[in-house]
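All remarks here apply to the structure that follows.
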Amino acid sequence: MEKNQIIENLNTIAQLMELDGENPFKVRAFLNAARVLESEARDLSTLVKTGELSNLQGIGKSLTEAITEMVQKNKSTPLMELQKKFPAGLVECLKISGLGPKKLKILYQELGINNVGELEYACKENRLLGLKGFGLKTQENVLKGIAALKKFQGRFHLDMAWATANQIVSYLKAQHKGLQIEVGGSLRRWRETIGDIDLLIASDSSAEKIIRTFQKIPEREAVLAAGPTKASIRLQSGIQVDLRVVRAEEFPYALVYFTGNKIHNTALRARAKDFGYKLNEYGLFKGTKLIPCKTEADVYAALELQYIPPELREGFDEIEIAAEHKIPKLIEAEDIQGVFHVHSDWSDGINTLQAMQQEAMRLGLRYMGQSDHSQSATYAGGLDETRIKSQMTEIEGLNKKAKNFHIFKGIESDILADGSLDYTPKILKQFEFIIASVHSRFKMTKSQMTERILKAIQNPYTRILGHMTGRLLLAREEYEIDTEKIIEAAAKNRVAIEINANPHRLDMDWRFLKKAKAAGVKFFINPDAHSTAGLSDTWLGVHLARKGWLSKEDVINTGTLAVVAKYLSSKESL
DNA sequence: GCCGTTTTCGGCCCGACTGTTTTCAGTCG
């Protein structure tokens, strides 16, 4: 069984256990194990064989057994046992907002509800009303939840979520002068997709007023909840926005509380407890005495921790490393000096080369690596030999005219099914850099796809591996690859790995960056721009790089023009 | 189910809001 399937099974087991009324801590153990596997780059079957699986934090005897069975026997006894107890469609019902395992179990047992469709029908027949703990409101909310589930798959791209959040922040600030407001949650952690937007506001006296304003935002579709300090709305776009108001002195603690993921926060509270403190959104307390903190950094410092940037608060090992004060200085937006992976109207971009150049200069960049599609990408207007020559001539002309800006001549070459690049060596040689990417034949087996990419990495002309997993967020699954082998090969062959900053890709996955860095891999943060506007996606990529613990030194396009030129030419002699 | 310098049992984070309740359970974050 492949890793993705195993992770999915662990999550399903956890959900079914909840329905079954299992010990919540046992449920958490399964969810935690799924998360651990998600961020483990090493090959699972190897981990099973060597017995290293049980060394992973959070994976003990039972989970080792369960995972081993899935790896070796391609089945899961605990999952099958649970599936006997509940119909398959019931798990889907747990996605309905406002409906949890307890209520759902009652619906299953009392009304024989098997799936979302039957539940919707039962609501419309008013059959929920007679049940203990259910009333008219609950029934209406379930119906609304079903409608929302159908309409919106419930996740949103990072760029859209930030644009929406900024819009709401501006609106609230316009209505309430001098408002202290911050975005929290997964958005502040720059997760690649977002479920909802969390906003945190400091106010000592106008909480209710602010919440009233919030409920009246023009884009709202529905007010889901509203109390004196907390409210939720859903916008017409389908995205949910949660607002929380705290007193000014509580703000730093609340910001910590509403930024870290569950695991990070749990660990932080546990650490507070070790120090004899209690930590919640209102403060850090010793008994009833507040430990005064003005900033988030003060809160971490009070727990003898180095400040942990929001991007890192995912509940991996950041707290242990912060305790040793060994969190590196992360890359920042202004470190970027130029961008690679840029398309123009020579292939499937919408703007001219010159327009792309002008926009890059306007953004304060010093260089740009032009890489239109290669000839196999006929759907994208890939370049044949003649057009390559013409484009190079145009680039040389632009370079002559522009002061302090340089365009590198490159190509995004398709990695063909057999792993070869898309041109003869004679042509490949003419480029200053080559990004090798997979754009077709996604459904190969894991070993075939891995071999294909390994061969491309070993090609002496490849300098950058483009969008490594091929995923399109919320649209297309990644293809199966052996991440560890590819990382090793990239390090060995001095091929940089791209952090594709296009909000639909954000690929390679940030979870593996730290591992790749440790293996000696270097990176490019590339916009994969198909328009002048797309160039600005680069800065999304910077946050993803930060999530992967990368520093300026790890990213090639933080270097000066001279440094990058040298980097690109240094492999020519191979 | 996991974990352990309070170690093999007994913890495992904590509070707001809703809707159903007559004092609280369920859900969510």
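Protein chains get the first letters and strands the later ones, always in sequence-line order, with residue 1 at the start of each.
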Do [X] and [Y] sit within salt-bridge range, that is, some charged N less than 4.0 Å from a carboxylate O?
| X | Y | result |
| --- | --- | --- |
| A:Arg42 | A:Glu52 | yes |
| A:Arg313 | A:Glu318 | no |
| A:Glu311 | A:Lys547 | no |

pair A:Tyr307-A:His325: side-chain heavy atoms closer than 4.5 Å: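 The answer is no; the side chains never approach within 4.5 Å.
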Beyond-backbone contact of A:Leu128 with A:Leu111, side-chain heavy atoms, under 4.5 angstrom: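 Yes; the side chains approach each other to less than 4.5 Å.
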Under 4.0 Å, counting only non-hydrogen atoms across every strand here, what does [X] touch: a base, just sugar-phosphate, or nothing?
| X | answer |
| --- | --- |
| A:Asp196 | sugar-phosphate |
| A:Ala270 | nothing |
| A:Lys132 | nothing |
| A:Asp242 | sugar-phosphate |
| A:Phe134 | sugar-phosphate |
| A:Ser97 | sugar-phosphate |
| A:Pro24 | nothing |

Exercise: identify the closest heavy-atom pair between A:Ser76 and A:Met70: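 In terms of heavy atoms, the two residues are closest at CB-CG, 3.7 Å.
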Heavy atoms from other residues, nucleotides or ligands near NZ of A:Lys105 exceed 12 (cutoff 6.0 Å):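 Yes, NZ of A:Lys105 has more than 12 neighbouring heavy atoms, counting only those of other groups under 6.0 Å.
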Whether over 12 other heavy atoms sit under 6.0 Å from A:Lys209 NZ: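 Open: at most 12 neighbouring heavy atoms sit under 6.0 Å from NZ of A:Lys209.
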Can you tell me, in whole Å, how much space there is between the [atom1] of [N] and that of [M]?
| N | M | atom1 | value |
| --- | --- | --- | --- |
| B:dG11 | B:dT7 | P | 13 Å |
| B:dC3 | B:dT8 | C1' | 10 Å |
| B:dT21 | B:dT27 | P | 15 Å |
| B:dT20 | B:dA25 | C1' | 9 Å |
| B:dC17 | B:dC12 | P | 25 Å |

A:Phe86 ring center within less than 6.0 Å of A:Tyr108 ring center: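 Yes; A:Phe86 has its ring centre under 6.0 Å from that of A:Tyr108.
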Closest-nucleotide 5' rank along DNA chain B - winner of A:Phe25 and A:Ala231: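 Its nearest nucleotide being more 5', the pick is A:Phe25.
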A:Leu136 or A:Gln57, whichever maps to the more 5' nucleotide of DNA chain B: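 Mapping each residue to its closest nucleotide by heavy atoms, the 5'-most match is A:Gln57.
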Qualifying side-chain hydrogen bond (donor to acceptor under 3.5 Å, both in side chains) pairs, either residue in residues 131-147 of chain A, two or more places apart: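 Only A:Asn126-A:Gln139 qualify under side-chain hydrogen bond (donor to acceptor under 3.5 Å, both in side chains).
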All pairs passing side-chain hydrogen bond (donor to acceptor under 3.5 Å, both in side chains) where residues 162-177 of chain A contributes a residue, at least two apart: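 Only A:Gln167-A:Glu219, A:His176-A:Thr213 qualify under side-chain hydrogen bond (donor to acceptor under 3.5 Å, both in side chains).
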For B:dC12, the Watson-Crick or wobble partner whose two distances fall under 3.5 Å: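 Across any shown strand, B:dC12 pairs with B:dG1.
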From A:Ile239 atom CD1 to A:Leu187 atom CG, the distance as rounded to the nearest 0.5 Å: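 It comes to 7.5 Å.
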Syn or anti conformation of B:dT6, syn meaning chi within 90° of 0: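 For B:dT6, whose glycosidic angle is more than 90° from 0, the conformation is anti.
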For DNA chain B, the residues among [range] that have a non-hydrogen atom under 4.0 Å from it:
| range | result |
| --- | --- |
| residues 6-17 of chain A | none |
| residues 62-69 of chain A | A:Ser62, A:Leu63 |
| residues 273-296 of chain A | A:Lys273, A:Lys278, A:Asn280, A:Glu281, A:Tyr282 |

Where chain A begins and ends its contact with DNA chain B, read 5' to 3' at 4.0 Å from heavy atoms: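 Nucleotide range in contact with chain A: B:dG1 to B:dG29.
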Intermediate values then yes/no, side chain to side chain donor-acceptor pair (under 3.5 Å), A:Glu8 and A:Asn4: CA-CA 6 Å; A:Glu8 199 182 318; A:Asn4 283 348; over 6 Å; no
Pi-cation contact, A:Phe134 with A:Lys103 (under 6.0 Å, within 45°):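 Here A:Lys103 passes the 6.0 Å and 45° test against A:Phe134.
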Mutual orientation of the aromatic rings belonging to A:His543 and A:Trp190 [parallel < 30°, tilted 30-60°, perpendicular > 60°]: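 Judged by the thresholds at 30° and 60°, the geometry between A:His543 and A:Trp190 is parallel.
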